[in-house]
Amino acid sequence: MSAKRPSEIAPKTADALLSWYDAHARALPWRAAPGSNAPDPYRVWLSEIMLQQTTVAAVTPRFAAFVARWPSVEALAAAPEADLMAAWAGLGYYARARNLHACARSVVERGGFPNTEEGLRELPGVGAYTAAAIAAIAFGERAVVVDANVARVVARLFALEQPLPAAMPALRAATDTITPDLRAGDFAQAMMDLGSSICTPRAPHCLACPLSAGCAAYRAGNPEGFPVKRAKPIKPQRYGTIFWAEDAGKVLLVTRPPRGLLGGMRALPTGPWADAPPGLADPPFPAEWQMLPGTVAHVFTHFRLELALAVARADGHVAVGAWWPVTELDSVGLPSVFAKAAAAIRRAT
DNA sequence: AAAACGTGGAA
DNA sequence: TTTCCAAGTTT
């Protein structure tokens, strides 16, 4: 006879989790209301992109602003990319915003979202996790959804010793064995809720966990020991200079190159980012630049940055960028590092 | 496989 | 203060 389907091998885990979810699910803006039909694929997709490496707390107000301004994928596709980039400012990982726009246009061109994991996987910015999540949540497909929460929960359930990220194939296989045929979307969201509230990275609440009876790490008395992770490299320190050019109440802004760090975002002009303070190297235009006392520190994913601040008065607008009223700087949509530097400069001048 | 790619909150 | 980490994707 043929092998049993995974969901028949371990149905109790899914049943216990879904019962817990029915009682404890968070009411999140991108989730369908209880008892309603399947959620809008546009809202599911938008929320999943925003939630990549980003907390629910940070996403919630941004999601509300996006769907209020762009209620449909057609509206988003029709928006100027600069508007979208500015609206994304502060959320980080700006390739997501560039891909969001490209994805919206692709979806509109093809007449709607693909309704399978395989089709979704082809969209820009949609990787293995996001394709599975949308397929399961928006289209009811039995997709195997593995994000950081699921990886942690499953690594503990099976006491998986292999370190991340090399363990991902094994984690997908293990998750496959506990994913139900029905309610796969609820199952995925239940695993994520469990991971965020019960099966937390540190000090998990095993006594409140609906899966503890079948959890190998709990049985071994070491839930915090899983998942095993590769050691992280230390962040190098780099230095740079921000150039603040002001003329008649307006400040000079530039648009950064389309790819790379903060790619495509409006920004204050900067010099090179180097292993030692570069001083006044590579100003946006020649002038009598003055260094302000003090620096602004910022931490990116893979390095720390200490920024010196240089200011100059421009006599007549120099044609090297766009001049924005200083009083309207909040509406520009600057990445956090530049918003932080601008605030420091305005305090100091 | 490993590095690039943001940010802010919690411990 | 430092470290860890969050619904990852792309190259």
Side-chain angles (χ1 to χ4, degrees), chain A residues 26 28-31 39 43-63 85 88-100 102-103 120-138 143 145-153 163-169 171-172 175 185 187-197 199-203 224 227 229-238 256-265 267 273 297-305 333-340:
Chain A
R26 291 177 289 181
L28 299 174
W30 44 87
R31 285 184 179 165
R43 294 167 66 92
V44 174
W45 162 72
L46 178 61
S47 70
E48 288 300 341
I49 301 299
M50 284 188 166
L51 286 160
Q52 289 169 3
Q53 299 289 284
T54 309
T55 59
V56 167
V59 165
T60 298
R62 300 309 200 90
F63 177 82
M85 300 300 289
W88 197 273
L91 268 178
Y93 284 148
Y94 298 100
R96 292 184 295 173
R98 302 193 297 270
N99 286 331
L100 197 74
C103 184
L120 289 158
R121 185 64 182 80
E122 300 305 312
L123 297 172
V126 176
Y129 159 76
T130 304
I134 298 173
I137 296 169
V145 181
V146 183
D147 78 320
N149 289 297
V150 178
R152 184 172 58 256
V153 172
L164 285 173
M168 277 308 292
L171 281 167
R172 286 202 182 87
T175 305
F187 176 80
Q189 294 177 91
M191 289 285 275
M192 294 189 270
D193 277 18
L194 188 79
S196 72
S197 65
C199 195
T200 47
R202 283 166 291 191
E224 272 191 277
K229 292 191 175 183
R230 184 170 55 94
K232 293 180 179 172
I234 59 166
K235 294 179 195 247
Q237 178 73 55
R238 292 189 188 164
R256 293 180 60 81
R259 275 187 263 285
L261 191 69
L262 311 173
M265 298 298 290
W273 294 355
H298 193 77
V299 182
F300 292 105
T301 307
H302 55 295
F303 66 96
R304 300 169 184 283
L305 183 64
L334 291 178
S336 293
V337 61
F338 297 114
K340 191 192 294 186

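Keep in mind that the numbers below use all heavy atoms, side chains included, and drop hydrogens, waters and symmetry copies. So you know, we letter chains A, B, ... as the sequences are listed, proteins then strands, and number each from 1.
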Query raised in the report: A:Val59 near the nucleic acid: base, sugar-phosphate alone, or nothing, with a heavy-atom cut-off under 4.0 Å?
Result: nothing
Requested in this report: Rounded to the nearest angstrom, tell me the gap between atom CH2 in A:Trp88 and atom P in C:dT9.
Outcome: 13 Å
Query raised in the report: Within the structure shown, what part of the strands sits under 4.0 Å from A:Ala128 by heavy-atom distance: base, sugar-phosphate, or nothing?
Result: sugar-phosphate
Query raised in the report: Taking the nucleotide of DNA chain C with the closest heavy atom to each, which residue, A:Trp30 or A:Pro124, is nearer the 5' end?
Result: A:Trp30
Query raised in the report: Any cation-pi pair here, A:Arg256 with A:Trp273, using under 6.0 Å and within 45°?
Result: yes
Requested in this report: Using side-chain contact (heavy atoms from CB on, under 4.5 Å) as the criterion, list what pairs up with A:Thr60, not counting sequence neighbours.
Outcome: A:Pro29, A:Trp30, A:Val56
Query raised in the report: A:Leu123 CG to C:dG8 P: how many Å, rounded?
Result: 18 Å
Query - Outermost DNA chain B nucleotides near chain A [under 4.0 Å, heavy atoms] - result: B:dA4 to B:dG8
Report summary line: Between A:Lys235 and A:Gly127, the residue closer to the 5' end of DNA chain C by nearest nucleotide is A:Lys235
Requested in this report: Assess whether side chain to side chain contact (heavy atoms under 4.5 Å, CB included) is satisfied between A:Val150 and A:Leu171, documenting all intermediate values.
Outcome: CA-CA 9 Å; A:Val150 178; A:Leu171 281 167; over 6 Å; no
At a cut-off of 3.5 Å, list every protein nitrogen or oxygen paired with a nitrogen or oxygen from nucleotides 2-4 of chain C, distance to 0.1 Å.
none

Requested in this report: Determine the interatomic distance between P on C:dA7 and the same-named atom on B:dA4; round to the nearest Å.
Outcome: 24 Å
**Report entry** Separation of C:dA7 C1' from A:Leu28 CG (nearest whole Å)
**Finding:** 10 Å
Requested in this report: Mind checking A:Ala133 for me? I need base, sugar-phosphate or nothing, with any heavy atom below 4.0 Å counting as a touch.
Outcome: nothing
Query raised in the report: Do A:Tyr94 and A:Leu261 pass the side chain to side chain contact (heavy atoms under 4.5 Å, CB included) test, and can you show the C-alpha distance, the side-chain angles, and the key distance before you say yes or no?
Result: CA-CA 8 Å; A:Tyr94 298 100; A:Leu261 191 69; over 6 Å; no
**Report entry** Partner residues of A:Pro257 under the side-chain contact (heavy atoms from CB on, under 4.5 Å) criterion, sequence neighbours left out
**Finding:** none
Report task. Report the residues that fulfil side chain to side chain donor-acceptor pair (under 3.5 Å) with A:Arg96, sequence neighbours left out, ordered by chain and then residue number. Result -> A:Thr54
Query raised in the report: So what does A:Gly260 touch, heavy atoms closer than 4.0 Å: a base, only the sugar-phosphate, or nothing?
Result: sugar-phosphate
Query raised in the report: Considering only the C1' atoms, how many Å lie between C:dC5 and B:dC5, rounded to the nearest integer?
Result: 16 Å
Report task. Assign each of A:Thr301 and A:Pro233 to its nearest nucleotide of DNA chain B by heavy atoms, then name whichever residue's nucleotide is nearer the 5' end. Result -> A:Pro233
Report task. Please identify each residue that fulfils side chain to side chain donor-acceptor pair (under 3.5 Å) with A:Lys340, with sequence neighbours left out. Result -> A:His298
**Report entry** Protein-nucleotide distance (A:Glu122, atom CD; C:dT9, atom C1'), rounded to Å
**Finding:** 14 Å
Query raised in the report: Among all residues two or more places apart in sequence or in another chain, which pass the ring pair (Phe, Tyr, Trp, His ring centres under 6.0 Å) test with A:Tyr93?
Result: none
Report summary line: side chain to side chain donor-acceptor pair (under 3.5 Å) filter on A:Gln189, not counting sequence neighbours, yields A:Arg31
Query - Of A:Arg96 and A:Ala57, the one whose closest DNA chain B nucleotide lies more 5' - result: A:Arg96
Report summary line: By side chain to side chain donor-acceptor pair (under 3.5 Å), A:Ser47 pairs with (sequence neighbours left out) none
Query raised in the report: Starting at OH of A:Tyr129 and ending at P of C:dT9, how long is that distance when rounded to a whole Å?
Result: 8 Å
**Report entry** Pairing residues for A:Ala143 by the side-chain contact (heavy atoms from CB on, under 4.5 Å) criterion, not counting sequence neighbours
**Finding:** A:Glu117, A:Ala132, A:Ala135, A:Ala136
Query raised in the report: Using a cut-off of 4.0 Å on non-hydrogen atoms, how would the nucleic acid contact of A:Gly263 be classed: base, sugar-phosphate, or nothing?
Result: nothing
Report task. For A:Arg26, enumerate each residue passing the salt bridge (charged side-chain N to carboxylate O under 4.0 Å, His left out) test, keeping only those at least two apart in sequence or located in another chain. Result -> A:Asp193
Query raised in the report: Heavy-atom contacts under 4.0 Å between residues 46-55 of chain A and DNA chain B, which residues?
Result: A:Gln53, A:Thr54
Report task. Please report, rounded to the nearest Å, how far the C1' atom of C:dA7 is from the CZ atom of A:Arg152. Result -> 11 Å
Requested in this report: Please state the P separation for the pair C:dT11 and B:dG6 - nearest whole angstrom.
Outcome: 14 Å
